[in-house]
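Quick caveat, the model's predicted, so the values are computed rather than measured.
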Amino acid sequence: MTSFARAERAALADVLLAAGPDAPTLCEGWATRDLAAHLVLRERRPDAAAGIMIKPVAGHTRKVQDRLAAGDYAALVGKVRTPPPHLRPGFAEEAMNLIEFFIHLEDVRRAAPGWTPREISGSYAQALAGRVKTSARLSARRFPARIEVGGPGVAPFTAGRGDDSAPRVSVQGAPGELLLFFTGRQSVAGVSIAGPEDLAENLRGARLGI
């Protein structure tokens, strides 16, 4: 089994190390040291990782992440590079990190001036395409219109709220670009949006993501 997530883990660690600890990212309020700390916390600190999704324990999560971010940056990136034991089987790595590492690598790359899209292999794009529908439907579940989504290798589907008579807007793009769009990175995602202008503008500025 090809582990795209494992290859992306190595690439993400390389980019984090090259950028240094204080480079910007697309994650609001986070420098590269904060992003690296988030990745380590998510995989290695289950007591704190719960706060990523559960607000009542988010304060503990922030404290642990801040402590990790304040430590030695090279050592922190070394932990990002090395999968913990429970993720060493390829299937486990792929299930947990296929989208996570793709998105966060782009969070570093696309926050830098002069970034350009990178080449994505056909097989990697196909793997990412398999995650687009679930991600888009979850992240856009509160958007008050129907969103028609599709693109190369992505079978058409709809997301958002509303019945067949609801207003519609179309979002088309490659699988990776759609994942970036529907995880709240609309401003840097290479997609095309068609539909009523007010609805398209609302979608571009909507708070998307889990």
Side-chain angles (χ1 to χ4, degrees), residues 1-17 25-27 30 32 34-55 57-58 60-61 64-65 68 76-110 118-141 149-159 171 173-185 189 191 208-210:
M1 175 181 177
T2 301
S3 178
F4 298 107
R6 187 62 50 83
E8 203 77 335
R9 177 191 287 279
L12 176 53
D14 288 344
V15 166
L16 285 168
L17 202 58
T25 76
L26 297 180
C27 301
W30 285 4
T32 39
D34 303 299
L35 177 54
H38 160 78
L39 293 166
V40 170
L41 177 152
R42 177 177 171 269
E43 292 188 338
R44 298 171 182 267
R45 289 293 304 268
D47 62 305
I52 297 171
M53 300 292 294
I54 303 171
K55 288 185 179 179
V57 292
H60 175 56
T61 301
V64 173
Q65 182 169 311
L68 288 167
L76 186 64
V77 174
K79 289 181 179 179
V80 173
R81 188 183 299 279
T82 307
H86 66 282
L87 291 179
R88 286 175 189 164
F91 69 88
E93 178 87 291
E94 209 72 354
M96 183 171 176
N97 288 325
L98 178 66
I99 295 177
E100 183 83 2
F101 288 159
F102 172 80
I103 294 295
H104 286 319
L105 176 51
E106 295 303 319
D107 281 337
V108 180
R109 291 186 68 257
R110 300 189 187 204
R118 61 185 169 124
E119 294 276 341
I120 299 292
S121 71
S123 54
Y124 189 20
Q126 184 177 13
L128 293 173
R131 307 292 183 92
V132 171
K133 185 175 182 178
T134 299
S135 177
R137 285 187 164 173
L138 182 60
S139 67
R141 64 193 182 279
V149 185
V154 180
F157 66 92
T158 60
V171 180
E177 301 303 320
L178 290 172
L179 285 171
L180 287 165
F181 186 90
F182 285 106
T183 54
R185 282 86 173 167
V191 303
L208 299 177
I210 298 174

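Atom CG of residue Asp107 and atom CZ of residue Phe102 lie 10.0 Å apart, to the nearest 0.5 angstrom. Here OG1 of Thr134 is found 8.0 Å from CD1 of Ile99. Values are rounded to the nearest 0.5 Å. Note that the CZ atom of Phe101 and the CE atom of Met96 stand 7.5 Å from one another [nearest 0.5 Å]. For the atom pair CG (Leu68) and CZ (Arg45), the distance works out to 7.0 Å, reported to the nearest 0.5 Å. To the nearest 0.5 Å, atom NZ of residue Lys133 and atom CG of residue Leu178 are 14.0 Å apart. Separating the CG atom in Leu17 from the CZ atom in Arg81 is a distance of 6.5 Å, to the nearest 0.5 Å.
Of the possible donor and acceptor atoms, one in the side chain of Thr183 sits under 3.5 Å from a partner among the backbone N and O of Leu180. Arg42 places no side-chain N or O within 3.5 Å of a backbone atom of Leu39 that could act as its donor or acceptor partner. Using a distance-only test at 3.5 Å, with no hydrogens or angles considered, no donor-acceptor pair links the side chain of Arg185 to the main chain of Arg110. No donor-acceptor pair closer than 3.5 Å links the side chain of Ser135 to the backbone N or O of Leu179. A side-chain donor-acceptor contact under 3.5 Å links Arg88 to the backbone of Pro83.
In this structure, Leu35 and His104 approach most closely via the heavy-atom pair CD1-ND1, 3.5 Å. The minimum heavy-atom distance linking Ala36 with Leu76 is given by the pair CB-CD2, 3.7 Å. Contact record, Phe181 with Leu208: O-CD1, 3.6 Å, taken as the closest heavy-atom pair. Contact between Gly153 and Ala129 at its shortest, heavy atoms only, is O-CB, 3.6 Å. Across every non-hydrogen atom of Leu87 and Ala92, the tightest pair is CD2-O, 3.7 Å. Closest non-hydrogen pair, Val154 versus Pro175, comes out as CG2-CG, 3.8 Å.
At most 12 heavy atoms of other shown residues, nucleotides or ligands fall within 6.0 angstrom of atom CD in Gln126.
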Steps toward side-chain contact (heavy atoms from CB on, under 4.5 Å) verdict (Trp30, Gln65): CA-CA 11 Å; Trp30 285 4; Gln65 182 169 311; 3.2 Å; yes

Tell me, with the steps shown, if Tyr124 and Leu98 meet side-chain contact (heavy atoms from CB on, under 4.5 Å). CA-CA 10 Å; Tyr124 189 20; Leu98 178 66; 3.8 Å; yes

From CA spacing to verdict: side-chain contact (heavy atoms from CB on, under 4.5 Å), Glu106, Leu26: CA-CA 8 Å; Glu106 295 303 319; Leu26 297 180; 5.7 Å; no

Given side-chain contact (heavy atoms from CB on, under 4.5 Å), test Leu128 with Phe4 step by step and report yes or no. CA-CA 10 Å; Leu128 293 173; Phe4 298 107; over 6 Å; no

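The shortest distance between side-chain heavy atoms of Asp34 and His38 does not fall below 4.5 Å.
A salt bridge is absent between Arg109 and Glu8; no separation between the charged side-chain nitrogens and carboxylate oxygens falls under 4.0 Å. Between Glu93 and Arg9 there is a salt bridge, since at least one side-chain N of the basic residue sits less than 4.0 Å from a carboxylate O of the acidic one.
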